[in-house]
Amino acid sequence: EALCDALSNLHNDAPAHSWEFTQAQVESSLDIPPGSLLQVFQQFDQTPIASGSIAQIHKAQLANGEIIAAKVRHPRVAQLIDMDFRLMALV
C-alpha cells in the first residue's frame with residue numbers, strides 16, 4: 001500500500017516539460033514546419049494548465065475560434081513506463 005501511495009504522488013505532481021519540447025512535438029504531430037505553430041492555432045498557451053506522469057495539458061485556440069485542451073506526452077515517456085514495469089516486477 002505504501003508503494004501505491006508513493007506512486008500516486010508521483011503521478012499527480014509530475015513536473016512540466018519545456019515549452020520548446022511542447023512546440024516541437026505539436027508541430028511534428030501536425031506535420032507542419034518548425035516555428036509555424038501559431039499559423040495553425042490562434043493561441044497556444046506556453047504554460048500547461050496541468051501536468052501528470054505521462055503528459056501535460058495546454059489550453060489552445062484553433063483557427064476557427066474553438067478552444068481546446070492539447071495533451072502533449074512528456075519526453076521518453078514510453079521508455080520510462082517500460083522501465084517502471086520492469087522495476088515493479090523485481091519488487
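What you see is a predicted model; the values in this text were computed from it and never measured. If you read the sequence from its start, that first residue is 1, and numbering goes on from there.
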Residues 59-67, side-chain donor-acceptor partners within the protein, below 3.5 Å, at least two apart:
from  : atom 1 : to    : atom 2 : distance (Å)
Gln61 : NE2    : Gly65 : O      : 3.1
Asn64 : OD1    : Glu66 : N      : 2.9

Nearest-0.5 Å distance, CD of residue Gln23 to OG of residue Ser28: 12.0 Å
Closest non-hydrogen atom pair between Val40 and Leu30, with its separation: CG1-CD1, 4.2 Å
Least distance between heavy atoms, Ile57 atom then Ala69 atom: CG2-CB, 3.7 Å
Ser36 (side chain) donor-acceptor with Gln39 (main chain) under 3.5 angstrom: no
Minimal non-hydrogen separation, His74 against Ser53, with atom names: CD2-O, 3.6 Å
Hydrophobic cluster identity match, Val26 and Phe21, side-chain contacts under 4.5 Å: no
Arg73 vs Gln25 side-chain heavy atoms within contact, under 4.5 Å: no
Donor-acceptor contact below 3.5 Å, side chain His58 vs main chain Thr22: no
Hydrophobic cluster identity match, Ile68 and Trp19, side-chain contacts under 4.5 Å: yes
Which pairs would a plain distance check flag for residues 43-50, meaning a side-chain donor or acceptor within less than 3.5 Å of a matching protein atom at least two apart in sequence or in another chain?
from  : atom 1 : to    : atom 2 : distance (Å)
Gln43 : NE2    : Asp45 : OD1    : 2.7

